[in-house]
Amino acid sequence: MTEVKVRKTEGKGKRRGSIWDMGMSASLILLLFRLPLANMIGNEGNGYLAISWELYILVSMFFGYGLYLVTKDMVGRRVKKGLYHNSVRVFTVSLLMGIIFSTVGGVGIYFGADFLFEQILLIKAGAVSFKVFSIFLLFSVLCGCVRGYFEGMGTSVPTCYSKIVEALVAGGTALLLGAYFENYGGKIADLLFIPSYRAGFGAAGVGLGFVCGAFLSLLFLGIIHKLYQIPFQEYLKKDETRVFEQYTGLVKEMFKGLFIAVTPIFFFKTYRLVNIILYLISFPLEERINGVKNIGSYYGRVLLILFLGITLILGFSNHNVSRMRKAYAVQKLKTVRRYYIEDIKKITVFSVPAAVILGLTAEFVMKFFFDTVQKYEVRMLQAGCICIILIPLATYGFYLLSACNKNAQILVVFTFAFMVQTVGMIILLKTAFCAYSIILAEIIFWTVTLLLQSLYFIKDLEFYNDRKTSVMYKS
């Protein structure tokens, strides 16, 4: 009996590790595809793409971003109780809400893009790239609903494979469509005497590549869902549902879940958008295009290389968050501490040497990947090397807080970090370091996040330690 249990545990651990590796592989594939895109559409095109992407994230936070997490949680709780018919009802409500939310958000993006980019941001050429994300929102939200349903039913395999399909298709089609639309935009630019349209249409082509990836990923998930109908029917035969939940009650529960899921991470998802807007409006109107190019240089080059390293580090240092969650639930403090120390050591062992090596070889790395490199780009990359240490550690802390259902702590951490980095960004823009203000604000955000997370972990562990000690003393 003991041998059988050990084998099952080992197999489960290997499966969990392989699924985590597949998720990291999907992110890595998309990042690698973005390297040639940086040369193809240039800094200006990457600037329009970055602005459109950050604005899309802001819109998605209000129109369906949290449906993946809410669907996963609601379906999972019903599956544990054997209420399979009610879990199907949750999935139905999730799809309907996803269609409604994403449609409303997409219409707002499409019809509001011209006003936003022409009247507020004063960069007319970027409107066309933002309009593309109106379609992407629909497919992305629906993919989240289906993935949440599968994971709530107890399998993460469709999610991982669909992300790989999405990354491959999105990366490949973005290269093709980016090149095609850049040439098309060049013709329009020559006709209307607006040179920025070339870069704007190139960014729109890349966005259409993301749309193709999300669409085929959704189609793939639909096929997998069809194939899973036979085992799902077996589950339904074992259904223990006595009372079918009303759809109105499920809608109310889902709205409540969306508020809980989105609120803690709102500032985490939008702090880069604030940095972009503050940086962009610091340029006079006649130099606004230079601000877009600098943003594209940061997002399309510096941040891209940094996230390549961060993704590799998180992939190699497979963490024990799921095990820590179970140990934390039963207050096994020694086990939590052991896993915590192990994970921090693994991340540090990979991140510190990577940061040092990248800092020393920053100029070589930039010249290896990109056609033309400027000195301030190399300096930004050298300054941002510290992020290779900060972001993996802070990301791990976020995973741990989420696993322990510490939503209040997450909200406090990200809100305070957001406020500090915003004030820092405003101050930096008025100093001699204004050209490097975006990367310095990034460092400020993640430093504050990591420090606050560490304080929470220390305080929480000491609390349970004192509680355990006092109980032992009384006994």
(request) Verify whether the ring centers belonging to Tyr299 and Tyr48 lie closer than 6.0 Å. (result) no
Short side-chain to backbone donor-acceptor contact, Ser134 and Lys131, under 3.5 Å: yes
Check your understanding: How about Tyr56 and Ser140: do any of their side-chain heavy atoms sit closer than 4.5 Å?
Key -> yes
Tightest non-hydrogen contact, residues Leu393 and Ile347, listed as CD2-CG2, 3.6 Å
**Asked** Passes ring-ring contact (aromatic ring centres under 6.0 Å, His included), Tyr110 versus Phe130? Steps please.
**Response** CA-CA 8 Å; Tyr110 187 83; Phe130 187 45; over 10 Å; no
| Donor on one side chain, acceptor on other, Tyr376 and Asn294, under 3.5 Å | yes
- Query: Are any of the side-chain heavy atoms of Leu411 and Ile265 separated by less than 4.5 Å?
  - Reply: no
Rounded to the nearest 0.5 Å, the CD1 atom of Ile389 sits from the CD1 atom of Ile310 at a distance of 10.5 Å
Met254 side chain reached by Val251 side chain, heavy atoms, under 4.5 Å
no
Of all heavy-atom pairs linking Phe307 and Leu31, the shortest is O-CD1, 3.6 Å
Test side-chain contact (heavy atoms from CB on, under 4.5 Å) applied to Leu55 and Val59, step by step: CA-CA 6 Å; Leu55 287 170; Val59 174; 5.6 Å; no
Heavy atoms of Glu44 and Val292 approach each other most closely as O-CG1, 3.6 Å
Review point. Without hydrogens or angle criteria, can the side chains of Lys72 and Tyr149 be said to hold a donor-acceptor pair below 3.5 Å?
Key: no
Is a side-chain N or O of Arg78 found less than 3.5 angstrom from the main chain of Met74, in a donor-acceptor match?
yes
Does a side chain donor of either Arg89 or Ser94 reach within less than 3.5 Å of an acceptor in the other side chain?
-> no
Distance col, row Leu67:CG vs Ser60:OG, nearest 0.5 angstrom, shows 11.0 Å
Q: Would you indicate whether the side-chain heavy atoms of Val141 and Phe63 approach each other to under 4.5 Å?
A: no
Using a 3.5 Å distance criterion without hydrogens, assess whether the side chain of Thr173 forms a donor-acceptor pair with backbone atoms of Gly209. yes
| query | Counting only heavy atoms not in Tyr436, do more than 12 fall under 6.0 Å of its OH? | reply | yes
Closest non-hydrogen atoms of Leu278 and Ile281, given as atom of the first, atom of the second and distance, are O-CG1, 3.4 Å
task: Walk me through it: do Leu451 and Leu455 pass the test side-chain contact (heavy atoms from CB on, under 4.5 Å)?
output: CA-CA 6 Å; Leu451 289 174; Leu455 291 176; 5.6 Å; no
Any donor and acceptor pair, going by atom type alone, linking the side chain of Ser297 with main-chain N or O of Lys293 inside 3.5 Å? no
Counting C-beta onward and ignoring hydrogens, is there a side-chain heavy-atom pair between Ile135 and Phe139 closer than 4.5 Å? yes
Hey, mind stepping through Val420 and Phe416 against side-chain contact (heavy atoms from CB on, under 4.5 Å) and telling me if it holds? CA-CA 6 Å; Val420 173; Phe416 189 76; 3.7 Å; yes
- Query: Would Leu216 and Leu219 count as a side-chain contact (heavy atoms from CB on, under 4.5 Å) if you check the C-alpha gap in whole Å, the side-chain angles of each, and the deciding distance to 0.1 Å?
  - Reply: CA-CA 5 Å; Leu216 287 181; Leu219 186 62; 4.2 Å; yes
Within 45° of the six-membered ring axis of Phe370 and under 6.0 Å from that ring's centre, is NZ or CZ of Arg301 located there? yes
message = Between Thr103 and Ile99 (side chain of the first, backbone of the second, donor and acceptor by atom type, cut-off under 3.5 Å), is there such a pair?
response = yes
query: Taking Thr92 for the side chain and Val88 for the main chain, is one N or O donor matched with an acceptor at less than 3.5 Å?
result: yes
With no hydrogens and no angle check, just 3.5 Å: does a side-chain donor-acceptor pair link Ser129 and Ser52? yes
Would you sort out whether Phe91 and Phe150 count as a ring-ring contact (aromatic ring centres under 6.0 Å, His included), showing the intermediate values? CA-CA 10 Å; Phe91 181 49; Phe150 275 119; 7.9 Å; no
Interatomic distance, CD1@Ile443 vs CD1@Ile438, rounded to 0.5 Å, equals 12.5 Å
Is Glu363 salt-bridged to Arg379, going by a charged N under 4.0 Å from an acidic O?
no
- Message: Could you walk me through whether Arg77 and Glu253 satisfy the salt bridge (Lys or Arg N to Asp or Glu O under 4.0 Å) test, starting with their C-alpha distance in whole Å, then the side-chain angles of each, then the deciding distance to 0.1 Å, before giving a yes or no?
- Response: CA-CA 13 Å; Arg77 283 190 278 110; Glu253 184 179 353; 3.0 Å; yes
Given the rule in the side chain to side chain donor-acceptor pair (under 3.5 Å) test, do Glu54 and Asn275 qualify, once you have shown the distances and angles that lead to the verdict?
CA-CA 10 Å; Glu54 295 298 332; Asn275 291 342; over 6 Å; no
For Val132 and Leu208 the tightest heavy-atom approach is CG1-N, 3.4 Å
Using a cut-off of 6.0 Å, state whether more than 12 heavy atoms not belonging to Tyr65 lie near its atom OH.
no
Distance col, row Thr71:OG1 vs Met97:CE, nearest 0.5 angstrom, shows 8.5 Å
* Side-chain contact test, heavy atoms from C-beta onward, threshold under 4.5 Å: evaluate it for Glu377 versus Asn43 and give yes or no. => yes
* Asked: Tyr271 and Phe418: ring-ring contact (aromatic ring centres under 6.0 Å, His included), yes or no, with the steps?
  -> CA-CA 6 Å; Tyr271 78 94; Phe418 175 85; 7.8 Å; no
dist Ile386:CD1 -> Leu306:CG (nearest 0.5 Å) comes out at 11.0 Å
Geometric class of the Trp53/Phe136 ring pair [parallel <30°, tilted 30-60°, perpendicular >60°]: tilted
* To do: Examine distances only and state if a side-chain atom of Ser162 and a backbone atom of Thr159 form a donor-acceptor pair shorter than 3.5 Å.
  => yes
**Q.** Heavy-atom check, side chain of Trp446 versus side chain of Ile391, under 4.5 Å
**A.** yes
Correct closest heavy-atom pair for Leu35 and Leu308 would be CD1-CD1, 4.0 Å
Would you say the side chain of Thr447 lies within less than 4.5 Å of the side chain of Ile444, judging by non-hydrogen atoms?
no
Distance col, row Glu245:CD vs Asn86:CG, nearest 0.5 angstrom, shows 4.0 Å
Inset, instruction - For the residue pair Gln453 and Tyr396, confirm or rule out a side-chain donor-acceptor distance under 3.5 Å. - result: no
Would you confirm whether Ser217, through its side chain, and Gly213, through its main-chain N or O, come within 3.5 Å as a donor-acceptor pair? no
